[in-house]
Amino acid sequence: MRDTLRFLLGDERVEIASCDPTLTVLDWLRLDRRMTGSKEGCAEGDCGACTVVVGRLDRGLLRYEAINACIRFLPTLDGCHLLTVEHLKGDDGALHPVQQAMVDCHGSQCGFCTPGFVMSLFALWLNEDSPSVSRIEDALAGNLCRCTGYEPIIAAAQRMYRLGAADRFDRDAVAKRLSELSDAATLSLSGPSGRFLAPATVEGLAEFVITEPQATLVAGATDVGLWVTKGMRRLDPVIYLGRIEALRQIEDRDDDLQIGAMATQTDVRSALAALSPEINELMRRFGGEQVRNAGTIGGNIANGSPIGDLPPVLIALGATLVLRCGGENRIIPLETFFLDYRKQDRRPGEFVEAVIVPKLPADALFHVSKISKRFDEDISAVCGAFLLRIGEDGRVAEARLAYGGMAGIPKRAAVAETALIGRNWDEAAVTAAIAALPKDFTPLSDMRASAQYRLTVAGNLLRRFLIETTQPEVETRVAGLLAEVGHG
Amino acid sequence: MADARKRLEVEIAAGPLGAPRIHDSAARHVAGEAVYVDDIAAPVGLLHAYLGLSRIAHGKLVSLDLDAVRAAPGVLAVLTAADIPGSNDISSTHRHDEPVFATDMILHHGQPLFAVVAETREAARHAALLAKAVYEEATPLLDVAAAHAAGGDLVTDPLKLERGDVAAAMAASPRRLKGSMEIGGQDHFYLESQIALAIPGEEEDMQVFSSTQHPSEVQHMVAQVLGVGSHAVTVEVRRMGGGFGGKETQSNLFACVAALAARKLKRPVKLRPDRDDDMVITGKRHDFICDYEIGFDDEGHILAVDAVYAARCGWNADLSGPVTDRALFHMDNCYFYPAVRAVSEPLRTHTVSNTAFRGFGGPQGMVGAERFIEEVAFATGLDPLEVRRRNLYRPLGRDVTPYHQTVEDNIAGEVIDRLEGSCDYRARQDAIREANARSPIVKRGIALTPVKFGISFTATWFNQAGALVHIYTDGTVALNHGGTEMGQGLYVKVAQVVAQAFGIGLDQIKITATTTGKVPNTSATAASSGSDLNGMAALDACETIKARLVAFATTKWNVLPADIAFLPGRVRIGAQEIGFAELVGAAYMGRVQLSATGFYATPKIHWDRKAGRGHPFYYFAYGAAAAEVAIDTLTGEYKVERVDILHDCGTSLNPAIDRGQIEGGFIQGMGWLTTEELVWDEKGRLRTHAPSTYKIPVASDRPRIFNVALLENAPNREPTIHRSKAVGEPPLMLAISVLHALSDAVASVGGHKVCPKLDTPATPERVLAAVERVRAEAGA
């Protein structure tokens, strides 16, 4: 057991003995440390004004990523390197190339979002050499600017590489210092409002989940963070999964991938991108980059949201879920995990340990579409993931049509699937499936879309699927990577 | 020698004015060193206030039990209307319809009922949730239709503009049509939410740091609520993290509550609402329903327009009067209506009190005008751009607006022609039509729309400004004026004016925070007027000081005034040249006053609202945009692929800053017309109260091809500062081109025979519905 939080803030080693489990990184910076460069714009991980860069050791290698400080709990930085906009200037006071490029390109107007953009660009600058415009837009999708219209910021992202490659950070030295901070002891931290428990092993976690039945399990905190900042909930104790390296692993096996629950959306995207360009694109549109760097596959599933984007895809692929209780594993089809709105088949003492994702059969037809009001960084109105296998007779032998946003849970369209089975994959089959959809779903009207729109689009996505699989020359996508490269 | 002199003359002519200077705070922005109100080093003893809000939209507040709030950890005080020493009234129009705290009737969901003051913001937020309010709920009137059905109570007097005999002209028109358009509202989504920090001083003094576009009004409101004279209250704002009109009146509440708490507790108090609460409490852009009848001929000439503009104003008047007025002032856009009648209906509803937002009603009026054009184009089968052109204002006979001001410059046609050529509009339109014929799912559309926007506050008395310029004995300058900096680059533009006037560098000028203690009785930084007004006021102050310096120099060096010139970095006095600092130092020794105030009042303007006649605008700013989009006819998804803009800034004070206003205004307007959808539920609760649900454009929404040009060689006809034109608001309306490009794409599914009549915001859902309707009506 260790009862002190340890991390690096710039060059400084910080040790904190008492800390509330849900104190946000942003509040700590602004209120405790009086480092006011990072801003609060929304306190829900959508605007990016609070963006900071966090370095951590990933299998021994130092890795820096942009995250939202407003919904990240400070104790989750244990063993990490925290960099804020205040750390970028050189010792001589010179602006960092990222900052200088923003100045040169008139990239700030009111300036409030600017520190966040600078840090997102800084993360890009650290990790990539010559990003395309698409990649730059993607890296900035989690940063809102209301003044500039983004054009000068994109220009700055291109210019920053021409202003020198050096910075003041010695990666080797940081890696060494971080490795000195890393240990196998459970971090058990207390503050006035509760306890923060961060085991370093799966076994330790399994025990806590049983012994602390009131605990809130926290992975990336991209949703739990809002329980605190918006829902004003006090969580005690918090069990954090992020120190368990084993839970972050993604194992590529012959026929499937076993993905640890703590694998971030960024890492899951890398792993699943090989399965299909559509999954790659879907996951590119998953929150902003800061959210993907924090949010995890386990959290996205265990959270049970009806509009999470991964479950429909995983259900269509036929994924299974590994639930663990103590030393026991229970493996269930993912689609049976979702029982009802915000209700899952997770028993007391259980936690999501891993997801097993079958690889696409070579003969499968596969399709993913996400429909949202805004194309990037938005939550689905409808998400559809479809897998079809056509038999040797040319008829549909297997159909898995999974939807998000159409019901209280991510759900397959069983009636529509039946309507497809045994038919030729053609307009008549799609028409029959579309006619069946109202028997599968009675979607809600809400601020994202009306029930009617959801139902119409759910059907039209099947039509899009048909066209893309039978008439690849037809243009079907207007935005995003699939529009740029063509869906074929 | 001749070359050197010529270079020098060019240098003088160029000067700091007209140069693309960077924003004065840019280096601080990127380093996180620019200080916003929440970043000000906390004064010792700082407390935090938070607002307790109504959970119903309409009804009677029967009782309010605040015991649990008081008893919560960290709480020092709970404040209600009973604690207000002055007036429980922050109505900016003095209609007494906007209390700080509700006392009896609840008029919108999220209306403040009380404030709690605690040691930390978190403690205050938690405590605020513990109130137990008992309500007698009534049915809220949430939108224009409900307000109409209930009798149509208005928050302020409507306006009627009328010219010609509309009934006769309509009857005589060969063709007529009627229609209705929904025009959506918009949240400002300034990245820095509302905030105020109040620090009590001795006696009744109160210093307030407020994120506001209107420090003088905050000053007056705080004084009114505290029951003290305005001279006891000083309001300061160095910069805002965005305003867009949302901090013209909406900052009053937060400043007044912070000041009230500071007064009660005799300690500094800060109030910063959470983003969601900010969105729930504060007013937004007005949504409108425009019902119209148009008379026209087969050649696409509009002959008569009769239209009613009904606006959801919310629970109090706020700025709804002038906003709905400005909608009417722009119901013509660039088009001449031979006979016209336009009436506003500023309707009272039980929703947030809608307020100023970049364009201030003008965009809604213009969106309506472009709908009229579209209707006529589809009815006559003419190309929409041709219909636009045929209806433009023209000198002699077709140049009088519905408010009887004559359009004197008439450059819309020229702007359209230039843009049409430079963006290859016709060829692209043909190519798109051809490509659409071969593309069953994705359809493209293109549209070119113009903008004419009237510059001046329509409340004539607001068109005044003051400035204060100090020169210190080392030749450095402190500049202050009544305009506020919200990112639009006002500070650097005015500093450029001063630098030019004295021939000194921008680094010699300290731009100081706007404060009511230095320049009093200022107007809101609004109506795009910031640099027009404050630039002239600052120049006036500079000229006063320069006159004193010249008078001093003529005596000291025995030269004529004509022999003295302020050149870049030096002053020519007769045959010699000395440094500016040297002259200033000598003038100080000669006991010359080196500080001056400046003042400016816009000439020429007048407006008789009752008669609906006058010359409310000093001049017009013009522009045009051509947008190309692709839509997916299966889902309604779309992408703006290319935009070309030609915009009129007169002779730009700073082309880099102006370009930023054009690009940013365009994208903000595009958001308003596309993905930014405000949704209230049947209980009157705003469901889109955070960026997770309210979708402003992100980087990938901007067009990949975005060609922006400033109209060249187009000095303002009026003697404005440097012959420039205001640029804050007009570019927002360039985005109407996107709406009509979407419409053009939708129309393609019906062979361009059926008018898509896209209402706004044109979300993917609305686009898909329009596709289905057009397809059905066209029988395609």
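Every chain is numbered from 1, with letters handed out A, B, ... down the list of sequences. In what follows, every heavy atom counts, from backbone to side chain, and hydrogens, waters and symmetry copies are set aside.
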Check whether the side chains of A:Ser134 and B:Arg704 place a donor and an acceptor atom closer than 3.5 Å, and report yes or no. yes
Using heavy-atom distances under 4.5 Å, tell me whether B:Ser193 contacts chain A through its side chain, its backbone, both, or neither. neither
Looking at B:Arg438 and A:Glu473, is any side-chain nitrogen of the basic one under 4.0 Å from a carboxylate oxygen of the acidic one? no
Answer with side chain, backbone, both or neither: which region of B:Asp701 has an atom nearer than 4.5 Å to a non-hydrogen atom of chain A? side chain
Region of B:Glu663 in contact with chain A, defined by heavy-atom distances below 4.5 Å: both
Does the side chain to side chain contact (heavy atoms under 4.5 Å, CB included) test come out yes or no for B:Leu768 and A:Gln452, once each step is laid out? CA-CA 11 Å; B:Leu768 184 62; A:Gln452 182 55 51; over 6 Å; no
Only pairs of heavy atoms separated by less than 4.5 Å count here; which of A:Thr229, A:Leu226, A:Thr84 has the most with chain B? A:Thr229
Sequence-distant partners of A:Arg135, salt bridge (charged side-chain N to carboxylate O under 4.0 Å, His left out), two or more places apart: A:Glu128, A:Asp138, A:Glu289
Going by residue number, which parts of residues 631-640 of chain B are within reach of chain A, meaning a heavy-atom gap below 4.5 Å? B:Ile631, B:Asp632, B:Leu634, B:Thr635, B:Glu637, B:Tyr638, B:Lys639
Tell me, out of B:Ala31, B:Ala26, B:Ser25, B:Gly242, who's got the most heavy-atom pairs with chain A below 4.5 Å. B:Ala31
What part of B:Val679 is in contact with chain A, defined as an atom under 4.5 angstrom from a non-hydrogen atom: side chain, backbone, both or neither? side chain
Can we say A:Asp27 and B:Arg121 salt-bridge, meaning some charged N sits less than 4.0 Å from an Asp/Glu carboxylate O? no
With the threshold set at 4.0 Å, does a side-chain nitrogen-carboxylate oxygen contact exist between A:Glu151 and B:Arg702? yes
Of all heavy-atom pairs linking A:Pro115 and B:Gly32, the shortest is CG-CA, 4.2 Å
Should A:Lys373 and B:Glu765 count as an ion pair when the cut-off is N to O under 4.0 Å? no
Hey, are A:Lys39 and B:Asp39 close enough for a salt bridge, meaning a charged N less than 4.0 Å from a carboxylate O? yes
Under-4.0 Å salt bridge between B:Asp274 and A:Lys230: yes
Which heavy atom in A:Leu144 sits nearest to a heavy atom in B:Pro691, and how many Å separate them? CD1-CB, 3.9 Å
Salt bridge flag under 4.0 Å for residues A:Glu40 and B:Arg272: yes
Given heavy-atom pairs under 4.5 angstrom as the criterion, report whether the side chain, backbone, both or neither of B:Asp681 touches chain A. neither
Just distance, no hydrogens or angles: give the donor-acceptor pairs under 3.5 Å from side chains in residues 105-113 of chain A, sequence neighbours left out.
| unit_1 | atom_1 | unit_2 | atom_2 | d |
| --- | --- | --- | --- | --- |
| A:Ser108 | OG | B:His29 | ND1 | 2.8 |
| A:Gln109 | OE1 | B:Gln661 | NE2 | 3.3 |
| A:Gln109 | NE2 | B:Gly660 | O | 3.1 |

How would you list, by chain and number, every residue that makes a ring pair (Phe, Tyr, Trp, His ring centres under 6.0 Å) with B:His188, sequence neighbours excluded? B:Tyr190, B:Phe357
Tell me, for B:Ala41 versus chain A, whether the close heavy atoms (under 4.5 Å) come from the side chain, the backbone, both or neither. both
What part of B:Leu191 gets closer than 4.5 Å to chain A, counting heavy atoms only: side chain, backbone, both or neither? both
